[in-house]
S.K.: 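First the structure, which I've put down as structure tokens, then a few questions once you've had a look.
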Amino acid sequence: IEKNILIYGEVQGGKTRAIIEYIRENAHRKKVLVVQNSLLVLKQYEQRLKVSGIKYQVVNSNTEVITENLVIVLNNKYRYNYFSKFEMDNYILMLDESDQTIRACPLKSSKYVTKTVHITATPYNRMMYNRCIVVPKVADYYGLEDLAVSLTYTDDNKETVENFLKSNTGIMLI
């Protein structure tokens with residue numbers, strides 16, 4: 001029985017395409033997609049789902065009934081409270097950026113979740129996955145190792161910030 005599935009891919013490396021494919025493969029099943037607490041991320045998902053012809057419903061304060069098989073919930077306590085008003089059972093829980101969303105998500109322990117799909121570029125290493133879907137790199141993908149820049153790594157956050165503030169240009173990755 002697949003209880004925990006991992007969709008893994010590089011940062012900005014095509015995971016959304018894999019998510020849409022998974023949603024299509026499970027079109028007949030109820031799914032709850034939890035996304036980061038960001039209206040921009042929500043808007044991006046809405047655009048991609050519309051272009052892909054996938055029907056969905058976003059839970060908010062105006063939601064009166066669940067009508068679609070794909071429900072999107074923003075990762076915040078208000079949206080979880082709106083969702084908790086509905087008796088939705090036997091659904092697949094999909095956690096986008098699961099390393100971040102899983103901590104605050106009360107749905108992860110719901111008895112109505114049949115399986116959980118973790119979507120991330122940085123998987124939680126203490127989780128046991130029954131299946132791993134690896135998103136292949138696209139031909140024109142460039143990671144940090146492909147950039148012609150010098151990278152400095154350190155574990156001392158204070159030193160890192162101080163050095164960064166002394167420079168005139170650059171980008172700090174955390």
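All heavy atoms count here, side chains included; hydrogens, waters and symmetry mates do not.
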S.K.: Nearest 0.5 Å please: distance from the CG atom of Leu93 over to the SG atom of Cys105.
M.R.: 5.0 Å

S.K.: Would you say the side-chain atoms of Ser52 pair up with the backbone N or O of Ile54, donor to acceptor, closer than 3.5 Å?
M.R.: no

S.K.: Going by atom types only, do Arg29 and Thr114 share a side-chain donor-acceptor pair under 3.5 Å?
M.R.: yes

S.K.: Is it the case that Asn75 and Asn37 place a side-chain donor and acceptor less than 3.5 Å from each other?
M.R.: no

S.K.: Answer with yes or no whether the side chains of Thr122 and Asp99 bring together a donor and an acceptor at under 3.5 Å.
M.R.: yes

S.K.: Hey, could you give me the CZ/CG distance between Phe83 and Leu74, rounded to the nearest 0.5 Å?
M.R.: 13.0 Å

S.K.: Answer with yes or no whether the side chains of Asn69 and His28 bring together a donor and an acceptor at under 3.5 Å.
M.R.: no

S.K.: Could you measure the distance from the CG atom of Leu107 to the OG1 atom of Thr116? Nearest 0.5 Å is fine.
M.R.: 9.5 Å

S.K.: In sequence, state the C-alpha distance, the side-chain angles, and the governing distance for Gln57 and Thr67, and then conclude on side-chain hydrogen bond (donor to acceptor under 3.5 Å, both in side chains).
M.R.: CA-CA 7 Å; Gln57 180 175 4; Thr67 59; 3.3 Å; yes

S.K.: Nearest 0.5 Å, please: how far is CD1 in Ile5 from CD1 in Ile119?
M.R.: 10.0 Å

S.K.: Just how far is it from atom CZ of Arg131 to atom CD1 of Ile7, taken to the nearest 0.5 Å?
M.R.: 8.0 Å

S.K.: Give me each pair satisfying salt bridge (charged side-chain N to carboxylate O under 4.0 Å, His left out) with a member in residues 45-57, each pair once, sequence neighbours excluded.
M.R.: none

S.K.: Have Thr101 and Gln36 got a donor and an acceptor in their side chains that come within less than 3.5 Å?
M.R.: no

S.K.: With salt bridge (charged side-chain N to carboxylate O under 4.0 Å, His left out) as the rule and sequence neighbours excluded, what pairs involving residues 110-120 come up?
M.R.: Glu2-Lys115

S.K.: From Lys15 NZ over to Tyr8 OH, what is the distance, rounded to the nearest 0.5 angstrom?
M.R.: 8.5 Å

S.K.: Using the salt bridge (charged side-chain N to carboxylate O under 4.0 Å, His left out) rule, collect all pairs that involve residues 81-91, keeping only residues at least two apart or in two chains.
M.R.: Lys30-Asp89

S.K.: Under 3.5 Å, is there a donor on one side chain and an acceptor on the other for Asp96 and Tyr45?
M.R.: yes

S.K.: Could you point out which residue of Thr120, Val35, Val41 forms a side chain to side chain contact (heavy atoms under 4.5 Å, CB included) with Glu97?
M.R.: Thr120

